[in-house]
Number of protein chains: 2
Amino acid sequence: MTMKAKPDDCCLPPAPARRLKPEQELARLAKAMGHPARVRIVQLLLRREGCMCGDIVDQLPLAQSTVSQHLKVLKEAGIIVGQTEGPKICYCVRREALRRLEELLSELA
Amino acid sequence: MTMKAKPDDCCLPPAPARRLKPEQELARLAKAMGHPARVRIVQLLLRREGCMCGDIVDQLPLAQSTVSQHLKVLKEAGIIVGQTEGPKICYCVRREALRRLEELLSELA
DNA sequence: GACGTTTATCGTAACATGACGATGAAAGCC
DNA sequence: GGCTTTCATCGTCATGTTACGATAAACGTC
């Protein structure tokens with residue numbers, strides 16, 4: 001039913017995605033940023049205008065379930081991580097992931 | 001095959017400049033780069049390993065019609081432009097579009 | 001005009017995405 | 001225990017994406 005162990009650390013592991021060829025890594029990151037709502041979410045999190053799902057829902061014209069799905073996409077791409085804080089979850093951006101995307105783009109040529 | 005490889009002035013026309021909000025512009029560019037095949041295409045074009053659709057088809061495990069569709073996506077996002085050269089079309093990357101994407105990413109924070 | 005070359009488009013099928021409301025699960029508080 | 005808050009997940013529907021083969025369009029050459 002419930003999760004067995006829960007290491008109470010937040011910003012450890014990037015994502016399940018590892019050891020990808022550069023073009024796959026780039027595509028994966030770019031795809032996650034390839035929706036306006038997700039770009040807005042990343043913006044909001046970076047600007048620290050709240051970090052919970054509910055905060056984001058308040059600032060986007062989307063249902064809570066939809067926002068949650070977008071958060072999942074960003075999480076699976078390693079762009080954000082979520083730290084459980086009681087009943088709520090504080091999301092934050094892994095700036096290194098964004099920098100990695102920039103790096104991959106600049107290395108393209 | 002022919003490999004004329006003379007794309008010295010194939011990057012003339014600017015893209016369909018659109019007035020998008022930054023998050024939309026970012027999402028649009030990122031989405032276009034959000035597929036491994038399209039990343040490979042951009043790589044190939046940047047490295048000047050041929051510039052025609054046929055050249056790309058030879059280097060990807062995809063049908064010609066599929067490659068053509070990917071080229072269309074990249075073109076509509078303003079990432080590449082195609083210059084007609086007789087019966088063939090020489091595609092090349094608008095490096096400014098990639099730089100723009102980098103810029104938008106770095107401005108996110 | 002007929003031919004070969006190159007690319008785009010059409011039609012189609014399988015699958016993925018984005019959106020919603022409703023429900024479920026986890027944590028803290030009374 | 002019961003309640004509230006917060007978020008994830010489920011079911012569903014509409015739409016978009018990706019892939020293919022087949023066909024059409026544009027161009028230069030003969």
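Please read all numbers here as calculations on a predicted model, not as lab measurements. A, B, ... follow the sequence lines: proteins, then strands. Residue 1 opens every chain.
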d([atom1], [X]; [atom2], [N]) in whole Å:
X       : N     : atom1 : atom2 : answer
A:Ile41 : D:dC7 : CD1   : C1'   : 13 Å
B:Met52 : C:dT6 : CE    : C1'   : 7 Å
B:Leu74 : C:dT7 : CG    : C1'   : 16 Å
A:Gln83 : D:dT6 : CD    : P     : 17 Å
B:Leu60 : C:dT7 : CG    : P     : 14 Å

Donor-acceptor pairs are to be reported for all side-chain atoms of residues 32-41 of chain B against protein atoms at under 3.5 Å, with residues two or more places apart or in another chain.
residue, atom, partner, partner atom, Å
B:His35, ND1, B:Ala37, N, 3.0
B:Arg38, NE, B:Ala32, O, 2.7
B:Arg38, NH1, B:His70, ND1, 3.0
B:Arg40, NH1, B:Gln43, OE1, 2.9

TODO: Heavy atoms under 4.0 Å is the rule here; annotate nucleotides 13-26 of chain D 5' to 3' with B where the base is hit, S where only the sugar-phosphate is, and - elsewhere.
DONE: ----SSBBBB----
Task: Candidate nucleotides D:dT9, C:dT9, D:dC7, ranked by approach to the side chain of B:Ser68 - the nearest - done: C:dT9
Task: B:Thr66 side chain near B:Leu60 side chain, heavy-atom distance below 4.5 Å - done: no
- [ ] Would you indicate whether the side-chain heavy atoms of B:Ile89 and B:Leu71 approach each other to under 4.5 Å?
- [x]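 The answer is no, as the side chains (C-beta and beyond) never meet within the 4.5 Å cut-off.
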Open item on the list: Tell me every residue that passes side-chain contact (heavy atoms from CB on, under 4.5 Å) with B:Lys72, counting only those two or more places apart in sequence or in another chain.
Closed with: B:Glu76
Task: Sequence-distant partners of A:Cys51, side-chain contact (heavy atoms from CB on, under 4.5 Å), two or more places apart - done: A:Leu45, A:Cys90
TODO: Name the residue closer to the 5' end of DNA chain C, choosing between B:Leu71 and A:Glu85 according to the nucleotide with the nearest heavy atom.
DONE: B:Leu71
Show me the side-chain donor-acceptor pairs of residues 101-109 of chain A shorter than 3.5 Å, one per line, residues at least two apart or across chains.
residue, atom, partner, partner atom, Å
A:Glu103, OE1, A:Arg100, NH1, 2.9
A:Ser106, OG, A:Glu103, O, 2.9

